[in-house]
Q: 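Below: one structure in structure tokens.
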Amino acid sequence: MRVAVLPSADEAERHVAALFAAQLRRKPDSVLGLATGGTPVGVYRALVAAHRAGEADFGKARTFNLDEYAGVPPSHPQSYAAYMRTHLFDHVNLSPDRTHLPEGDADRAEDACRLYDALYRYYGPADLQLLGIGANGHIGFNEPGFVSATGGTQVVRLAESTRRANARFFGEGEQVPAYALTMSAGRILQARSIVLLATGAAKAAIVARALEGPIGTDCPASLLQLHPDATVVLDLEAAGALAPERG
Ligand code: PGA
């Protein structure tokens, strides 16, 4: 894995956005794998700016998101579909039929997973996949101990630590959904290139474990050590627990 440590979160986010803009220039019809959460917000802000500056053309691109909450319709403000519209899709030239997320409110989540996986197998794999990392080491919603290397897109039960971490996005009295639809770790690892972004001191310990610890499903992000073209982009705080020669 390549590791790039930038002085600040802002610079780390802009570094990742530049990788995506470069990918689009190199291959305009790229399949981009996208992620949600607090971490990528600044990446999308920088990508929108790049688009407005004429440096990122999404007209021929196609996007696949990692996951979506189960039972949550795209109109719900905390759905990842709404997140993507707010932070990226509404501000760049991506037509909605080229953006894909699992259908969170499908009558039968398993069918929605099968359809999503079929679409990904047809159009994918991603040329460049963006990932965050949960404080518990999850990628997508592949929670510690519940990682499938072979499955496609799956219904998963969210770890309590994940529900607690994501409660900040939900209103008071609103429940974080208990289940989600997620691309499996195996599918994620099929991406041609992967860039994982982590910022802030709260991610330092899990980043060190993912990069330097043993490879195992108890830290799903450690599976990236197996990927031939993975880049980890950190700010100084998130790099704070790495062995000295790295951080
Ligand atoms: P965060 O989530 O960016 O909100 O910290 C990361 C993740 O859960 O993958």
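Start at 1 and go down the list; that is how both ligands and their atoms are numbered.
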Q: Taking atom CG of Asp97 as the centre, does the number of heavy atoms from other residues, nucleotides or ligands within less than 6.0 Å exceed 12?
A: yes
Q: Quick check on contacts: which atoms of ligand 1 are under 4.0 angstrom from a heavy atom of Gly134?
A: 7 (C), 8 (O), 9 (O)
Q: Tell me which protein heavy atom sits closest to atom 3 (O) of ligand 1, plus the residue, atom name and distance to 0.1 Å.
A: Thr39 OG1, 2.4 Å
Q: Does ligand 1 come near enough to Lys203 that some N or O of the ligand is less than 3.5 Å from an N or O of the residue?
A: yes
Q: Does any donor atom in the side chain of Glu11 or Ser8 lie under 3.5 Å from an acceptor atom in the other side chain?
A: yes
Q: Side chain, backbone, both or neither: which applies to Ile133 and ligand 1 if a contact is any heavy-atom pair less than 4.0 Å apart?
A: backbone
Q: Have a look at Asn65 and tell me which of Leu130, Leu101, Thr99, Leu32 forms a side-chain contact (heavy atoms from CB on, under 4.5 Å) with it.
A: Leu101
Q: Looking only at protein heavy atoms, which one is nearest to atom 7 (C) of ligand 1, and what is the separation?
A: His138 NE2, 3.4 Å
Q: If I apply the N/O under 3.5 Å rule, does Gly38 come out as touching ligand 1?
A: yes
Q: Test Phe89 against Tyr83 for ring pair (Phe, Tyr, Trp, His ring centres under 6.0 Å), laying out the working first.
A: CA-CA 9 Å; Phe89 296 165; Tyr83 172 107; 9.4 Å; no
Q: Any salt bridge between Asp127 and Arg26, counting N to O under 4.0 Å?
A: no
Q: Take atom NZ of Lys60 as the centre, draw a 6.0 Å sphere, and report whether it contains more than 12 heavy atoms from other residues, nucleotides or ligands.
A: no
Q: With respect to Thr36, determine whether any N or O atom, backbone or side chain, lies less than 3.5 Å from an N or O atom of ligand 1.
A: no
